[in-house]
Amino acid sequence: MIDLLSLVAIARGFEVQGRFRSAKPYGSGHIHDTYCVTFDDADREEQIILQHMNTTIFKNPVAVMENIARVTDHLRSRLAGEADVGRRVLQLVSTRDGAGWHVDAEDRYWRAYRFIEQARTFDSVSSPRQAFEAAKAFGEFQRLLADLPAPRLHESIPDFHNTAKRFSAFERAVAADAAGRCEAVQGEIAFAMARKTLAMALLGAGLPERVTHNDTKLNNVLLDDETGEGICVIDLDTVMPGLAAYDFGDMVRTMTCPAAEDERDPSRVAMDFDLFDAVLRGFLDGAGSFLTAPERTSLIAGAKVIVFEQGIRFLADYLAGDTYYKVSRPEQNLDRCRTQFKLLESIEQQEDEMMCLLRALA
Ligand code: ADP
Ligand code: GN1
Ligand code: MG
């Protein structure tokens, strides 16, 4: 945590007008430290989202910022002339000396975005309409970026969705048992080991590489307060080359079950088919025609793979002693893992119906 005086000094280094009013920690992301900072003068108020980037996880923050600048510029040009473009694409705020980010005296990287008003994110899904709108925004995001000119984007985290490598990392975490927690979670470890082949399901399938978001959870899209529409896709750090199925999978993971990601009662976790229906329709609607037939078919495998991958990531972090994801209580990563595994079981049970719906819509 940073002290308020330092935070204010950093915020003032960005191109904002007015006097500093307030700064508060914001959102519920697991990776960066995010603040909403307000400035005002006699007749106007200005808010920015100020983020201290996690450079333990994003080891090349300059590459991340280059990706974000290219992606947001492209989205803006693709939406030029349409209504409300200022709220539909993230807008980086430059520093007073014209840079895209700030490095402070302690070598911490900071960046700022214009605050998007009259919109909010949700940590848990509450209706099919909400799932539809969020998924549509992510589908549209992929569609608009399908013609991003060369060069290829930087891989901000190499092998981010290489599930086979994620599985190997999980096996290493079990072998190391760094926090002495293995014995108590034999059931979860066995569940994962029994599904090892799932880690290979999308690899080597010859699916086309796209520009994908790679972190399409519900709380990474702002929904408009008035209309409920998915107004702006945010959290662009992991936008990089990937598969359409990765993004679809993370939507199924976070938009088809109303329980929280860290729900303590596994009996509350299951995939709701109406929500899945809404996510699939929303994504296909937003993506339009660019997806190939094999890509469409891969979406259901994407759901299983990404839910599995997330489960083993949470479990590996629990076994390592909670070193990656932010936690606010001791068993949180284990609960997060359990919700993923419960959701995966539920998806496995409904896979045939999911495939039928996909065939009917494709
Ligand atoms: P993390 O990578 O830690 O998840 P995010 O970039 O998703 O960080 O930001 C955390 C939260 O801050 C989001 O869930 C959202 O509620 C809010 N947020 C981020 N950017 C904006 C913005 N430009 N305008 C309004 N709210 C935002
Ligand atoms: C992290 O930054 P945030 O909270 O949106 C993570 C994702 C996980 C997600 C699980 C860079 O996303 O990969 O799916 O938590 N981001 C990174 O909730 O690891
Ligand atoms: Mg986020």
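When a ligand or atom number is given, it counts from 1 through the structure's own listing order.
Contact annotation: E117 has no heavy atom less than 4.0 Å from any atom of ligand 1. Note on ligand 2: R336 sits outside its first shell, no heavy atom being nearer than 4.0 Å. Residue Q47 places no heavy atom under 4.0 Å from ligand 1. Heavy atoms of H32 come nearer than 4.0 angstrom to ligand 2 in no pair at all.
Closest protein heavy atom to atom 12 (O) of ligand 2: D215 OD2, 3.0 Å.
Between the Mg ion (ligand 3) and the N, O or S atoms of D235, the shortest distance is to OD2.
Taken to the nearest 0.5 Å, the CZ atom of R338 stands 16.0 Å off from the CG atom of L343.
Using modelled atom types, one finds a donor on one side chain and an acceptor on the other under 3.5 Å when comparing Q17 with R44.
Between Y35 and Y26, the gap from one ring centroid to the other reaches at least 6.0 Å. Remark: aromatic rings of Y109 and H52 are distant, center separation not under 6.0 Å.
No part of K326 comes within 4.0 Å of ligand 2, judged by heavy-atom distances. The parts of D235 lying near ligand 1 are both backbone and side chain, judged by heavy-atom distances below 4.0 Å.
Between the T256 side chain and the M271 main chain, no donor and acceptor come within less than 3.5 Å of each other.
Other residues, nucleotides and ligands place more than 12 heavy atoms under 6.0 Å from the NZ atom of K326.
For a threshold of 3.5 Å applied to N or O pairs, the pair formed by I116 and ligand 1 contains at least one separation below that value.
Here the shortest heavy-atom distance to atom 16 (N) of ligand 2, taken over D235, D262, D250, I31, belongs to I31.
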